[in-house]
**Q** 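I have a structure I would like to understand better, so I am pasting it below and will then ask my questions one at a time.
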Amino acid sequence: MDHLYWLDQIQPSQRHLVGDNPFYLSQIAQQGYPVLPGFVLAAPALREFLESYPWEEPLFAELLSSSVHLNVDDTRQLKAIAQHIREQMMAAELPQQWINDLAIAAEKLSSPGLILSLSVTLPKNTPNPVKFSGLVESYVCLCDPEEIALGVLQTWAELFRARSLLYWQRSRIELRTLNLAVLVQPLHSAITSGTLTYTKAHCEIQATWGMALSIKLGQAIPDSYQIHSESGDAIAQSLGNKHLGYDLRLNSTPRDELTAETSLLSPYSCLQPYFVSEEQQQEFSLKPQELEKLGAIARNLGSHLNSNFILEWTLAKATEQIYITTVEVGNPQKISPPIDPPYSPKSSSVAATDAEGGPDILLGTGAAKGVAIGLAYCITSPTEVLEHIPPGRILIAQEIAPHWLDIVRQAAAVVTESGGMTSHAAILAREFGIPAVVGAAGVTQAIATGTEICVNGDTGEIFVLPGGTVHPSLKRSSPQPVISAVSLPDPMPSPDSNPLPSPLSLPFPTATQLLVNLSHPSSLDRIADSYLDGVGLLRSEMMALEIFQSEDPYQWCDRHKQQEFIHRMTDPLKRVAEFFFPRPVFYRSLDLRGYDLPGMRSSPGQSSINPSRSAQTLGVHGAFSYLLDPALFDLELETLAKLQQEGLTNLRLIIPFVRTVEEFIFCRSRVQQFKLDSVRDFQLWIMAEVPSALFLISDYVQAGVQGISIGTNDLTQFILAADRENQQMSQVFDPRHPAVMRAIHQLIQMAKAAGIPCAICGGAPTRYPETIDTLVRWGIDAISVEPEAIARTHQAIARSEQRILLDLARRDSGDCLF
């Protein structure tokens, strides 16, 4: 075929056909650097294939033409279309002559395995920087004609992931302007592999045993080295935790046994993990002479390219030679942050300055990660009519009320004057995948509706863009901050849950269950591709407040409105339960506090009042409110019973804010009246968030509690006497405080002693991933986190469990676990 180019023969004029990585690999290979050989299936091949294949649907022949328009703002539809395209691509067949030519070329690489990587060439006028390396994955296959053909189709299909389609449109790049090639390289067993990052000042090297996939998936902590770029002298080095390696699997699943689902699941099916020996665990994976050789390669290549770069390398087991496998030159996102990134569609940077020469900046606390650019919509009154707020605006308010769920869901970001990391604004933003800054004092007076601003949920900074105005008293006169590292804004949550490869792309379960916290079924799209054991906390309040709006919720207890409430609550609950069935869904019953709704009465029989948040936190809510007036609780139980009758037996119930055993016994009796416990799999748990639980676990179990879920937010604020909603107390409110951690440890121990499971669903694991290792070692049964923290929590759990296995093996070296 005419579309194959050998890596060591690519000419500068062919760069647009093969892409940047193969081009740079070819250039340095021709200069004598040890580049892993390979060949490229050039970009025209994909266009020719799409145009000539006898598709049943005309759409496919036009996938790369300007006539194809997708609505990327409809994430559900986008995911469905993307999945359909990829399935059709995988069901297609390459021309037999192409398969033969690919097989002949692959045989010349003399390797049992191959790795196929998508190489993208962007249009010449693309704003710099545009980062796409995390959008697509490489695929591994055996050196077999049918396997190679399948690998090419699977690699091409990477372009049509929902996250990729959304990214290209957000970056204002038309598909027809993209050139997509496939780089094919041999895959040999490796002694060690890793990455090398070069700057003129120093060179950083990471290394692990076997293939570098264990680093990519977060399953190994690599050895790290830092050396001077010019002299090659060592600056520092540290030994990693390399308990798991990867090698080539010498067999694979035949194509005719692959379903559409499994064929799109794992790009690493031809690799197999293995446990690294205890002896190797104690050794650096690079010998001094190998480190010196890598340093020399980096030094010479830096002079040759005259640029910063990142490369991946491998030390082949057969030849004991170091090979360069990929090279990324001058990547500004990883090495040298640009001075003027394209923040907005106008490609304008944050350059508005005040009299002191710095940009207009307001400060708060970053509560949900990410960066968004947009027009502000400032809500200055709690009685303001909110039905007509345009989608994609950045909401600015004193605080975000829980019943504003639909408004927040369509926003690009949220900013509030009050609240902390556990406020409604922070929780909703993290669940919907949008940036949030809380505790930004005076922001509602400083920024007017219509002002173009940039919100950085990582740093807590709000930038007023050129042409915007801000009140002079709120300008910050400190030196201009480093804003160049802010990534390209994406106001919509990505339809694909994990843009980077992670263990969640594979069926990789852990002994410690990984659960998710949800407030609304609209978040299901964000976790569709995640490997989860179920829902650890389904917050009822957000769904119920859509029904209540700003009215007193107890009005729904009227006998004429009860069935309407049950009907409205059934739909969102059913969607979540069906999505996860048969995995458990732990539904937490209503824990309404007076500040949730302006019209809510503080307790049965009282009129609407609005005391302080702290007073209402210690007031009538949770289990005690059921005891005073069980009407709303009964409606919830009836809703659960209805869903059980429809076959959704995976629903469990958690009672919130239980202060006493008597409160629980009352709730259990109501549950028994509705016969929820007649279903075999049903379980009745309580939230362990009130300090009295530290002394009553055995009594609760005796009364019928079947499990506890630790709520770190309330537990922390009561143990430390620090109001979690008070921004001034944010420095005191810390779930890592020794008193709080000891309380959590005690609850886990007491649950184990009583023979019931213990989960944690508060914000601590999400905000402080370093606590996960401690929780796993203490024996926590399940960890439930916000959707945005799923991937890193899975990795942290896996690493912790692997360390425990390693520690056990080291303690008993005569009885090797591996």
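Since we're looking at a predicted model, the values are computed, not measured. Here, residue 1 is the first one in the sequence, and each next residue gets the next number.
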**Q** Between Ala425 and Ile400, what is the shortest heavy-atom contact and its length?
**A** CB-CG1, 3.6 Å
**Q** Closest approach of Ser589 and Tyr626, non-hydrogen atoms and distance?
**A** OG-OH, 2.8 Å
**Q** Distance only, no hydrogens: is a donor on one side chain within 3.5 Å (strictly under) of an acceptor on the other, for Glu801 and Thr512?
**A** yes
**Q** Are any of the side-chain heavy atoms of Glu541 and Arg588 separated by less than 4.5 Å?
**A** yes
**Q** Less than 4.5 Å apart, side chain to side chain, heavy atoms only: is that true for Tyr700 and Ile686?
**A** yes
**Q** May I have the step-by-step check of side chain to side chain contact (heavy atoms under 4.5 Å, CB included) for Ile783 and Leu515, ending in yes or no?
**A** CA-CA 6 Å; Ile783 298 176; Leu515 308 172; over 6 Å; no
**Q** Whether the side chain of Asn517 engages the backbone of Leu538 through a donor-acceptor N/O pair (distance < 3.5 Å, no angle test) should be reported.
**A** no
**Q** List the steps, then state whether side chain to side chain contact (heavy atoms under 4.5 Å, CB included) holds for Val658 with Leu696.
**A** CA-CA 11 Å; Val658 181; Leu696 296 173; over 6 Å; no
**Q** Mind running side chain to side chain contact (heavy atoms under 4.5 Å, CB included) on Arg736 and Glu770 for me, showing each step along the way?
**A** CA-CA 10 Å; Arg736 298 168 300 177; Glu770 66 270 21; 3.0 Å; yes
**Q** For Gly707 versus Val705, what's the shortest heavy-atom pair and its separation?
**A** O-CG1, 3.3 Å
**Q** Would you check, one step at a time, whether the test ring-ring contact (aromatic ring centres under 6.0 Å, His included) holds for Phe718 with Phe657?
**A** CA-CA 12 Å; Phe718 291 130; Phe657 215 81; 5.7 Å; yes
**Q** Are the side chains of Phe733 and Thr716 in contact, using a 4.5 Å heavy-atom criterion?
**A** yes
**Q** Is there a side-chain contact between Arg777 and Ile804 (heavy atoms, below 4.5 Å)?
**A** yes
**Q** Can you tell me how far OG1 of Thr570 sits from CZ of Phe565, rounded to the nearest 0.5 angstrom?
**A** 9.0 Å
**Q** I'd like to check Val576 versus Tyr587 (side-chain heavy atoms, cut-off strictly below 4.5 Å). Are they in contact?
**A** no
**Q** A side-chain contact here means heavy atoms from C-beta on lying under 4.5 Å apart; do Glu689 and Asn713 qualify?
**A** no
**Q** Test the Arg86-Phe160 pair against the cation-pi criterion, namely NZ or CZ under 6.0 angstrom from the six-membered ring centroid and within 45° of the ring axis.
**A** no
**Q** Has Arg742 got more than 12 heavy atoms of other residues, nucleotides or ligands less than 6.0 Å from its CZ?
**A** no
**Q** Does a salt bridge link Arg670 with Asp634, judged by any charged N lying under 4.0 Å from a carboxylate O?
**A** yes
**Q** Using a 3.5 Å distance criterion without hydrogens, assess whether the side chain of Gln683 forms a donor-acceptor pair with backbone atoms of Leu653.
**A** no
**Q** With a 4.5 Å heavy-atom cut-off, do Ile748 and Asp781 have their side chains touching?
**A** no
**Q** Are a donor atom and an acceptor atom from the side chains of Glu158 and Gln154 found within less than 3.5 Å of each other?
**A** no
**Q** Could you report the tightest heavy-atom contact between Arg539 and Met543, atom names first, then the distance?
**A** O-CE, 3.6 Å
**Q** Is the backbone N or O of Ile566 less than 3.5 Å from a side-chain atom of Arg568, with the two atoms forming a donor-acceptor pair by type?
**A** no
**Q** Can you confirm whether more than 12 heavy atoms, excluding those of Phe624, are under 6.0 Å from its CZ atom?
**A** no
**Q** Are the side chain of Glu636 and the backbone N or O of Leu590 linked by a donor-acceptor pair below 3.5 Å?
**A** yes
**Q** Any side-chain to backbone donor/acceptor pair from Arg583 onto Leu532? Under 3.5 Å, distance only.
**A** yes
**Q** Give a yes or no answer on whether the side chain of Lys574 reaches the backbone of Leu643 with a donor-acceptor pair at less than 3.5 Å.
**A** no
**Q** Testing the basics here: between Asp533 and Gln513, what is the closest heavy-atom pair and its distance to 0.1 Å?
**A** OD2-CA, 3.3 Å
**Q** Identify the heavy atoms of Glu663 and Ala623 that sit nearest to each other, and give their distance.
**A** OE1-CB, 3.6 Å
**Q** Using the side chain to side chain contact (heavy atoms under 4.5 Å, CB included) rule, take Trp685 and Arg652 through it: C-alpha gap first, then chi angles, then the decisive distance, then the call.
**A** CA-CA 8 Å; Trp685 288 31; Arg652 317 283 192 261; 5.8 Å; no
**Q** Please check: side-chain N/O of Ser800 versus main-chain N/O of Ile797, any donor-acceptor pairing under 3.5 Å?
**A** no
**Q** With heavy-atom distances below 4.5 Å as the criterion, would you say the side chains of Asp773 and Arg799 are in contact?
**A** no
